[in-house]
Amino acid sequence: QMQLQESGPGLVKPSQTLSLTCSVSGGSIRGGGYYWSWIRQHPKKGLEWIGYIYDNGSTDYNASLKSRITMSVDTSKNQFSLKLSSVTAADTAVYYCARGPTAHDAFDIWGQGTMVTVSS
Amino acid sequence: DIQLTQSPSFLSASVGDRVTITCRASQGISSYLAWYQQKPGKAPKLLIYGASTLQSGVPSRFSGSGSGTEFTLTISSLQPEDFATYYCQQLNSYPPTFGQGTRLEIK
């Protein structure tokens with residue numbers, strides 16, 4: 001079955017750019033008609049949707065983060081990526097990639113998550 | 001953004017108990033509500049979408065109901081593996097938003 005796996009640095013310095021990649025296995029990003037999202041969870045807190053990308057590269061971002069986000073997709077590698085610029089300590093969180101929102105308006109497959117700490 | 005408020009925030013119950021968690025939306029969201037279960041150190045797992053449709057593979061002791069602004073997640077007979085944190089999520093309008101979570105612990 002399909003699996004998602006996040007990868008990227010676990011420590012980023014303030015003001016730098018956080019870069020994460022989600023690798024998809026057990027299925028193809030291309031042609032499935034799915035959106036692919038990034039969601040984060042601050043320590044001991046709730047969940048925040050960051051944005052999604054479609055396989056044709058179209059995107060939608062959370063307005064609260066829009067000025068700092070870039071998402072991209074590489075269908076040849078079956079991966080999609082997140083870049084978040086000008087990070088601060090407030091960006092310290094577990095970052096998840098997920099399939100969705102689906103036609104049922106939910107996120108049905110998630111990666112295991114990767115902890116990113118912003119600190120000098 | 002649509003705000004989701006879950007109650008209670010913390011719930012203590014015993015194996016075999018019937019428990020209900022409520023999710024209230026700041027405005028009407030029709031039936032565009034999903035429920036997730038999250039265990040420590042793990043990603044959320046989709047349980048219910050469309051307010052009441054069980055995701056494939058989810059035990060039938062889980063059920064969801066509601067529409068508009070008030071929704072419930074019910075676990076009919078708690079099993080040891082059900083002790084976790086539960087989140088609701090809406091997608092009536094963007095951005096998708098989540099409730100603050102309900103932590104379910106063993107009494």
Side-chain angles (χ1 to χ4, degrees), chain A residues 1-7 10 20 22-24 34-54 58-69 71 93-116, chain B residues 1-7 9-10 21 23 25-26 28-58 62 64 66-67 71 73 84-103:
Chain A
Q1 69 275 22
M2 182 172 284
Q3 293 184 313
L4 281 63
Q5 176 72 56
E6 305 87 352
S7 60
L20 296 174
C22 183
S23 299
V24 179
Y34 289 105
Y35 295 92
W36 304 91
S37 285
W38 289 96
I39 296 165
R40 69 182 182 179
Q41 185 169 32
H42 296 94
K44 305 291 187 185
K45 292 188 179 178
L47 297 149
E48 179 183 29
W49 177 76
I50 298 170
Y52 73 61
I53 189 163
Y54 196 62
S58 63
T59 56
D60 191 14
Y61 302 148
N62 194 320
S64 66
L65 298 166
K66 190 171 186 175
S67 63
R68 299 195 290 132
I69 299 172
M71 291 186 186
V94 176
Y95 286 75
Y96 295 99
C97 57
R99 189 174 77 171
T102 65
H104 300 300
D105 299 307
F107 303 94
D108 63 347
I109 302 175
W110 296 61
Q112 65 184 27
T114 187
M115 180 69 201
V116 178
Chain B
D1 298 0
I2 293 175
Q3 294 188 20
L4 299 178
T5 303
Q6 292 182 228
S7 59
S9 295
F10 177 82
I21 298 169
C23 177
S26 60
I29 59 171
S30 185
S31 296
Y32 296 106
L33 190 99
W35 289 97
Y36 299 84
Q37 176 193 67
Q38 185 178 34
K39 295 183 178 179
K42 300 293 188 182
K45 173 188 173 185
L46 178 63
L47 299 176
I48 288 170
Y49 59 86
S52 60
T53 302
L54 217 57
Q55 174 72 346
S56 176
V58 173
F62 291 91
S67 66
F71 302 84
L73 171 70
T85 299
Y86 292 84
Y87 293 94
C88 56
Q89 171 250 314
Q90 70 79 28
L91 196 39
N92 180 74
S93 63
Y94 274 80
T97 51
F98 294 83
Q100 84 280 10
T102 294
R103 185 177 169 193

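Within every chain, numbering begins at 1; the chains are lettered A, B, ... in the order of the sequence lines, protein sequences first and strands thereafter. Treat the numbers as computed from the prediction; the structure is a model and nothing was measured.
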On the 0 to 90° scale, with breaks at 30° and 60°, tag the B/Y94-A/W49 ring pair as parallel, tilted or perpendicular.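 Correct class here is perpendicular.
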is_close_aromatic(B/Y36, A/W110), centroid dist under 6.0 Å: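 So the answer is yes for these two rings.
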Please classify the contact between [X] and chain B as side chain, backbone, both or neither, with a heavy-atom cut-off of under 4.5 Å.
X	result
A/I109	neither
A/Y61	neither
A/F107	both

Could you walk me through whether A/I69 and A/W38 pass the side-chain contact (heavy atoms from CB on, under 4.5 Å) check? CA-CA 11 Å; A/I69 299 172; A/W38 289 96; over 6 Å; no
Specify which of A/P101, A/G46, A/G51 makes the most heavy-atom pairs with chain B at under 4.5 Å.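 Greatest number of close heavy-atom pairs with chain B: A/P101.
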Please rank A/E48, A/Q41, A/K45 by heavy-atom pairs under 4.5 Å with chain B and give me the top one.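 Ranked by contacts with chain B, first place is A/Q41.
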A/I53 vs A/T59, test: side-chain contact (heavy atoms from CB on, under 4.5 Å). Steps then yes/no. CA-CA 4 Å; A/I53 189 163; A/T59 56; 3.7 Å; yes
Which one wins on heavy-atom pair count under 4.5 Å against chain A: B/G99, B/S56, B/G101, B/P44?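 Result: the option with the highest number of such pairs is B/P44.
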Leading residue by heavy atom contact count with chain A [cutoff under 4.5 Å; candidates B/I48, B/L91, B/T53]: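 Heavy-atom pairs under 4.5 Å are most numerous for B/L91.
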I'd like to know whether NZ of A/K66 has more than 12 heavy-atom contacts from other residues, nucleotides or ligands below 6.0 angstrom.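 No, because the 6.0 Å sphere around NZ of A/K66 holds 12 heavy atoms or fewer from other groups.
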Taking atom CZ of B/F98 as the centre, report whether more than 12 heavy atoms of other residues, nucleotides or ligands fall under 6.0 Å from it.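 Yes.
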Identify which part of B/A34 has an atom lying under 4.5 Å from any heavy atom of chain A, answering side chain, backbone, both or neither.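 Just the side chain, heavy atoms under 4.5 Å.
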Interchain contact, B/Q90 with chain A, by part (heavy-atom threshold 4.5 Å):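 Contact with chain A: none, neither part.
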